[in-house]
Amino acid sequence: MQKKRCEMPFMVSEGFFEDMQSTVFSRLATDFDQAGKSIRRTLITKLMYAAACAVLCVVMLGQSAGDMGSRTFLTVDEAYSQLSETDQEIVLESYEQDILFNL
């Protein structure tokens with residue numbers, strides 16, 4: 001049997017495979033660096049939104065807690081007694097139909 005000589009059907013330039021590894025690694029390093037910056041930017045943005053929401057909650061809860069001291073059941077009763085009979089009936093019906101009050 002004769003051995004056939006196997007020839008490559010294509011040709012590459014000198015040093016192609018030697019340069020390929022360094023080219024791939026440099027591109028990967030660039031891509032990972034850009035991806036890391038994008039992830040950091042997204043994380044910082046989300047943390048800023050969370051901090052703004054936390055500050056808003058503290059401010060809103062602080063204001064509502066300050067208002068609760070001035071509101072008592074007596075003032076609510078006084079306001080209810082100043083409503084007309086029709087309005088009082090509407091308020092009572094809405095409370096009776098409220099799902100949260102009827103749990």
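We count residues from 1, following the sequence as given.
- Residues passing the side-chain contact (heavy atoms from CB on, under 4.5 Å) test with S38, sequence neighbours excluded: T42.
- When the side-chain contact (heavy atoms from CB on, under 4.5 Å) test is applied to V24, the partners found at least two apart in sequence or on another chain are M20, L28.
- Residues that satisfy the side chain to side chain donor-acceptor pair (under 3.5 Å) test with D19, not counting sequence neighbours, are absent from this structure.
- Cluster membership for I90 and Y80, using ILVMFWY side-chain heavy atoms within less than 4.5 angstrom, is not shared.
- Listed by chain and number, the hydrophobic cluster partners of M48 are I44, where partners are ILVMFWY side chains within reach of under 4.5 Å, directly or through others.
- Pairs of residues two or more places apart, or lying in two chains, that qualify as side chain to side chain donor-acceptor pair (under 3.5 Å) and include a residue from residues 81-90 are S84-D87.
- Taking Y49 as the reference, T45 meet the side-chain contact (heavy atoms from CB on, under 4.5 Å) condition, with sequence neighbours excluded.
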